[in-house]
Amino acid sequence: MSGKAPSATKQEASKSPKNFIELRIDEDNKTGRFGGEVHTRFPPEPNGYLHIGHAKSICLNFGLAQKYKGKCNLRFDDTNPVTEEDEYVQSIKNDVRWLGFDWGDSEFFASDYFDQLYALAQKLIKAGKAYVDDQSADEVAAQKGTPTEPGKESPFRNRSVEENLDLFQRMRDGEFNEGSKVLRAKIDMASPNMHMRDPALYRIKKKAHHRTGDKWNIYPMYDFAHGLSDSIEGITHSICTLEFEVHRPLYEWINNQLVDHRPQQIEFARLNLSYTVMSKRKLLELVQQNHVNGWDDPRMPTISGLRRRGYTPRSIRNFAERIGVAKRDGIIDVALLEHSIREDLNKVANRVMGVLDPLKLVITNYPEGETENLTAINNPEDESAGKRELPFGREIYIDRADFMEDPPKKYFRLGPDRLVRLKYAYIVKCTGYEKDDNGNITEIHAEYYPESKSGQDTSGLKVKGTIHWVSVAHAVKAEVRQYDRLFMDEDPAGHKEKDFKEFLNPDSLEVIEKAYLEPSLLKARPGDRFQFERKGYYCVDPDFTTEKPVFNLTVTLRDSWAKIAKKG
RNA sequence: UGCCCGAUGGUGUAACUGGCAACACGUCUGAUUUUGGUUCAGAAGAGUCUAGGUUCGAGCCCUAGUCGGGCAACCA
């Protein structure tokens, strides 16, 4: 009997509603199925880079282990040497670590179990539940039947245990050519579940493996290796995506035949994000056809892309928490991802002045050659971030969008005879402007009110707008890469008749060669994140040098003026 | 013509063993603001795919259907 007040447990439960997997685990804990243990695993195949969808799975698996005080293994599902490479192993480890998860010494490889798996396959053969088939892949496929018609049994299905054992060993020893023989489970060629129609368990591949070298000529298939690896590692809940649902009977069949510890496979819906694609194949296509500049292009939904884009690990974890876990597949609005990063960066990113589309403004009544150092607050959300000095002078750059020749009444910025505050500096009044032959505005003239200085304003003037600026004399020229969504369609891969690449956004990257930033940014280091006041969050790109500073747009600030302007 | 899974506001997720549908994002209003940011206050928006059934009572249970997704790699 516990003396706990029922209200306490109720309150706890209402704090964070449980997802169906947690409910399932609670049930197993209640019945003592796994002795109250919770042991999960994240099992990537090292054949590509991790993306935000994997992040969901990582957060889920490691998160479950944390919640239930269990363990989560990192296991590389490396059973196919033709596509897998060590380079991917390294990038995956790097990404998981970056996301903030620690697998301690629980780092495994399915290839570590090849000997055990081989022995288990022999055991299956001895039990009369597996056989070597001499037919080609095409022949096997032809006999498989269709979802509505049963398959036909292989003529090699009833070989003797001895012959199967001998043949399997010779497969291992490299006596046969690739594709000439395959080890199959002997289950049921008439099963309504296609995966139960004598699935392949081992195939011959005379290819060196990134870890086992040329030791093996045969490699286990996913269905054979995965569940057994789970069992070997003592996994209790083997969480995977929905497409493996139909594999579950096979997963269970294999473990039931061969091992005592039988994990529970649970499937959940993979993540889909609007305005992007998530399949490895499609992402690879974007990279190979140079639609993006590599796997870590900031427009890619890969972990490395998001990292270069300026996303924080915490924002991604929060995102994963917020989207929840269920079996229904849908499409998450990228606005939620963007909200997660804004939420985090708002609290931690220092504010800074950056003019992306420069327009010179000359303060005609300000003394020539004079410089003032003004005090600027680094982060209004975090006093401990301190203050800094900002040089001000007669000539400054402002953003072109902050001036209109003929502004509507709702526009709060600069226009002929209008007043605006230069943030941390003075209030200025536009007294005129110059245009070139094409009618483009080339320069603004203004007069400042000396008594309106920030912090000691005695002018009594009231202005509706405050704009950012950078002193011409002190400006740091930088390259700013403005990123926008990669696709123009909400579900680019969802059109049966059209290739997803038709929806590529031609304006997903705009490189601004000459942006002007405040001088403090020269001290920035790759990975640093800032808020360019009134514009958005930016991070320092790895390409950054003090000779040529480079910044990436992570996400723009919310912009209610854009909404007003849009409405007209 | 088979098997498996799913269906709750615009989007995603909730609703303890049935008890008058909640949270987040988004949208809209207003306040504050030396960021048209943030913050704060508030609003609109679903009656839970359909039809039956069980029940005092159904989003939750049962039946049938509809719609959506998945399954026939020697890929994972």
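The chains referred to below are lettered A, B, ... by the order of the sequence lines, with proteins before strands, and numbering in each begins at 1.
Contact annotation for A:I467: no contact, since no heavy-atom pair falls under 4.0 Å across all strands. At a threshold of 4.0 angstrom between heavy atoms, the contacts of A:K410 include nucleobase atoms, whether or not backbone atoms are also involved. When heavy atoms are screened at a 4.0 angstrom cut-off, A:Y424 is found touching base atoms of the nucleic acid. A:G465 comes within contact range of no nucleotide atom at all, as no heavy-atom separation falls under 4.0 Å. Across all strands, A:R413 comes closer than 4.0 Å to base atoms (heavy-atom distances). Base contact: A:Q531 has a heavy atom under 4.0 Å from a base atom. As judged by a 4.0 angstrom heavy-atom cut-off over every strand, A:N19 is placed among residues touching the sugar-phosphate backbone only.
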Atom pairs under 3.5 Å: protein N/O with N/O of nucleotides 67-76 of chain B:
from: B:G69; atom 1: O2'; to: A:D329; atom 2: OD2; distance (Å): 3.4
from: B:C71; atom 1: O2'; to: A:H195; atom 2: NE2; distance (Å): 3.1
from: B:C74; atom 1: N4; to: A:Q135; atom 2: O; distance (Å): 2.7
from: B:C74; atom 1: N4; to: A:A137; atom 2: N; distance (Å): 3.1
from: B:C74; atom 1: N4; to: A:G179; atom 2: O; distance (Å): 3.0
from: B:C75; atom 1: OP2; to: A:R203; atom 2: NE; distance (Å): 2.8
from: B:C75; atom 1: OP2; to: A:R203; atom 2: NH2; distance (Å): 2.7
from: B:C75; atom 1: O3'; to: A:R203; atom 2: NH2; distance (Å): 3.1
from: B:C75; atom 1: O2'; to: A:N80; atom 2: ND2; distance (Å): 3.2
from: B:A76; atom 1: OP1; to: A:T79; atom 2: OG1; distance (Å): 2.6
from: B:A76; atom 1: OP1; to: A:R203; atom 2: NH1; distance (Å): 3.4
from: B:A76; atom 1: OP1; to: A:R203; atom 2: NH2; distance (Å): 2.9
from: B:A76; atom 1: OP2; to: A:Y222; atom 2: N; distance (Å): 2.9
from: B:A76; atom 1: O3'; to: A:D77; atom 2: OD2; distance (Å): 3.2
from: B:A76; atom 1: N6; to: A:H247; atom 2: NE2; distance (Å): 3.1

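In this structure, A:Y411 and A:W561 have perpendicular ring planes: the angle between them is above 60°, well past the 30° mark.
Atoms CD1 (A:I377) and C1' (B:U34) sit 9 Å apart, rounded to a whole Å. As rounded to whole Å, 13 Å separates atom P of B:C5 from atom CD of A:Q265. Following rounding to the nearest Å, A:N272 (CG) and B:U11 (P) show an atom-to-atom distance of 14 Å. Taking atom CG on A:L337 and atom C1' on B:U11, their separation rounds to 14 Å, with Å as the unit. Rounded to whole Å, atom C1' of B:C3 lies 15 Å from atom CD1 of A:I187.
Of the residues near RNA chain B, A:D457 and A:F20, the one whose nearest nucleotide (by heavy atom distance) lies more toward the 5' end is A:F20.
Salt bridge annotation for A:D133-A:R159: absent, with no cationic side-chain nitrogen under 4.0 angstrom from a carboxylate oxygen. Using a 4.0 Å cut-off between charged side-chain N and carboxylate O, A:R322 and A:E343 make a salt bridge.
Under the 3.5 Å distance criterion, with hydrogens and angles disregarded, no donor-acceptor pair is assigned to the side chains of A:H195 and A:D223.
In terms of heavy-atom proximity, A:Y449 sits nearest to A:K429 at OH-CD, 3.4 Å.
Annotated as anti: B:G37, whose glycosidic dihedral deviates from 0 by more than 90°.
When the C1' atom is used for both B:A15 and B:C23, the distance is 11 Å, rounded to whole Å.
Helical stems involving RNA chain B, defined as 3 or more consecutive Watson-Crick or G-U pairs under 3.5 Å, span B:2-7 with B:66-71, B:10-13 with B:22-25, B:27-31 with B:39-43, B:49-53 with B:61-65.
Between A:R558 and B:U38 there is a side-chain N or O to OP1 or OP2 distance below 4.0 Å.
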